[in-house]
Trainee: 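I have a structure here, written as structure tokens, and I will follow up with some questions on it.
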Amino acid sequence: MRQQILVTGGAGYIGSHTCVELLAAGYDLVVVDNFSNSKPAVLDRVAAIAGRAMVWHEGDLRDRGLLQRLFDKHPFAGVLHCAGVKSISEAQQFPLKYYQHNLEASLTLLDVMARHNVRRLVFSSSATVYGEAARVPYREEAPVAPNTVYGRSKAMVEGILHDLVQADPSWRIAILRYFNPVGAHPSGLIGEDPSGAVNNLMPHLCQVAVGRQDELSIFGHDYPTPDGTGVRDYLHVCDMAEGHVKALQHTAGESGLLTLNLGMGRGHSVLEVIRAFEQACGQRIPSRFVARRQGDLASYYADPSRAADILGWRAKRDLLEMCADAWRWQSQNPNGY
Ligand code: WQD
């Protein structure tokens with residue numbers, strides 16, 4: 001009998017790649033997604049890659065009735081909670097939206113889980129919970145002190161998960177703090193497809209390369225980094241998806257709460273990413289230095305050793321592979337799904 005897992009946000013960028021790995025690992029999946037930043041077509045592509053379909057429902061996690069019906073119907077072995085909204089700048093403008101979709105939705109989900117005696121969870125958190133005070137490389141014990149609404153919405157859920165485990169140690173929870181996931185599945189069938197404004201570096205590069213934008217703006221050239229541009233810990237989304245499967249498997253045998261960084265453990269500058277992307281796509285990417293983006297840090301990257309020690313997980317795919325796979329996805333799907 002295969003275990004059934006509920007994946008929230010399963011049609012999203014990280015959710016979809018994780019569904020592929022979970023199906024390959026032998027789980028049966030039920031996806032719930034409100035398709036606010038994704039499309040149902042994603043799930044057909046996931047099924048095509050995996051050779052196996054999943055059940056899916058369109059809906060909002062704040063819809064308690066929907067969740068109750070799902071949990072009544074399916075004997076879930078656990079939940080992978082990837083659903084959420086994730087734009088740093090939009091969150092500053094619309095904090096309530098962010099607390100509703102990231103916090104209220106999580107509370108409703110956790111409550112329905114507890115009432116159905118499902119206490120196994122993998123939660124999508126973010127390296128952004130560390131804030132400015134932490135020293136690189138970021139270790140999981142570094143203080144949680146986010147300086148943005150988005151970061152606080154994630155940190156608050158982390159805090160609630162800690163309280164839950166404190167009150168009832170039978171919960172089995174893994175909190176995954178993502179660094180900068182990029183790339184796409186090597187099939188070119190699924191990848192990142194932001195609707196509306198594009199915020200992040202890799203989707204910008206992809207859109208310039210396919211001609212949807214004229215040039216890339218490089219935010220800042222005078223950071224205290226080797227070439228003056230921002231440094232981040234980019235990791236391939238398929239490595240990240242494998243990390244989720246290992247974290248889920250780990251929660252089968254261990255109660256309590258585990259917090260893990262998912263990163264490569266090294267940084268790349270914006271200029272290095274541009275060079276690697278140019279190599280991958282075989283064209284020059286027009287770019288221009290502009291002012292720093294408000295709120296950006298100069299440089300940060302993970303210490304991923306805890307995930308290596310506990311899960312035996314390491315990100316394996318290098319920057320060129322990340323760029324090649326991002327480019328394959330974008331060039332085969334110039335307008336997304
Ligand atoms: C990377 C680097 C930019 C765009 C954000 C969130 C984080 C996580 C991932 C969620 C920086 C520079 C970018 C561009 C540029 N999200 N840049 N021109 O800001 O590290 O992380 O997304 O869960 O929480 O903060 O990622 O890809 O936006 O930026 O020069 O057009 O690229 O300044 O140095 P970031 P990013």
Side-chain angles (χ1 to χ4, degrees), residues 9 12-15 18 37 81-92 98 101-102 106 123-132 134 136 138 144-155 157-158 175-183 192 194 197-209 212-237 240 244 261-264 266-277 285-302 319 322-323 326:
Y13 174 46
I14 291 160
T18 301
N37 192 23
H81 180 28
C82 296
V85 280
K86 58 161 191 173
S87 159
I88 303 266
S89 55
E90 189 196 30
Q92 296 303 119
Y98 274 66
H101 285 280
N102 290 355
S106 299
F123 174 62
S124 295
S125 189
S126 168
T128 197
V129 300
Y130 291 114
E132 284 170 13
V136 290
Y138 288 179
V144 168
N147 48 4
T148 62
V149 170
Y150 170 70
R152 277 190 288 279
S153 75
K154 288 290 179 188
V157 177
E158 287 199 9
I175 293 173
L176 304 181
R177 291 183 178 153
Y178 304 158
F179 282 70
N180 288 55
V182 297
E192 187 167 14
V198 174
N199 295 305
N200 302 114
L201 178 60
M202 191 63 81
H204 261 294
L205 280 165
C206 286
Q207 295 207 351
V208 174
R212 282 167 66 180
Q213 291 181 44
D214 293 337
E215 63 178 10
L216 177 83
S217 298
I218 302 172
F219 300 141
H221 57 93
D222 55 356
Y223 282 110
T225 59
D227 64 22
T229 65
V231 168
R232 294 290 182 274
D233 186 333
Y234 299 94
L235 79 157
H236 197 295
V237 66
M240 192 145 130
H244 285 70
N261 288 335
L262 293 188
M264 284 285 273
R266 62 156 299 182
H268 289 287
S269 73
V270 176
L271 293 181
E272 284 178 304
V273 178
I274 297 173
R275 273 198 298 273
F277 192 84
I285 301 293
S287 64
R288 177 166 70 94
F289 289 115
V290 300
R292 291 180 180 191
R293 184 172 63 179
Q294 207 192 343
D296 270 354
L297 301 180
S299 171
Y300 65 84
Y301 47 92
L319 183 61
M322 299 177 211
C323 292

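Fair warning: this is a prediction, and the values are worked out from it, not measured in the lab. Order of listing sets the numbers, starting from 1, for every ligand and every atom in it. One-based numbering along the sequence shown.
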Trainee: Taking non-hydrogen atoms within less than 4.0 Å of ligand 1, which protein residues qualify?
Mentor: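 Residues I88, S126, T128, Y150, N180, N199, N200, L201, H204, L216, S217, I218, F219, G230, R232, Y234, V270, R293, D296, Y300 each place a heavy atom under 4.0 Å from ligand 1, listed by chain and number.
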Trainee: Can you give me the closest heavy-atom contact between T229 and S269, atom names plus distance?
Mentor: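 So the minimum-distance heavy-atom pair works out to OG1-CB, 3.3 Å.
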Trainee: Does Y130 have any ring pair (Phe, Tyr, Trp, His ring centres under 6.0 Å) partners at least two apart in sequence or in another chain, and if so, which?
Mentor: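 Ring pair (Phe, Tyr, Trp, His ring centres under 6.0 Å) list for Y130, sorted by chain: Y138.
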Trainee: Could you tell me whether the side chain of Q92 reaches within less than 4.5 Å of the side chain of Q294, counting heavy atoms only?
Mentor: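 Answer no - side chains too far apart.
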Trainee: Closest approach of S124 and H244, non-hydrogen atoms and distance?
Mentor: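 Heavy-atom minimum between the residues: OG-NE2, 4.5 Å.
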Trainee: Verify whether one side chain among Y98 and E90 offers a donor that lies under 3.5 Å from an acceptor in the other.
Mentor: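 Their side chains do contain a donor-acceptor pair, which is all the 3.5 Å distance test asks for.
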Trainee: What verdict does the side chain to side chain contact (heavy atoms under 4.5 Å, CB included) test give for V136 and V231, after you've listed the backbone C-alpha separation in whole Å, the side-chain angles of each residue and the deciding distance to 0.1 Å?
Mentor: CA-CA 11 Å; V136 290; V231 168; over 6 Å; no
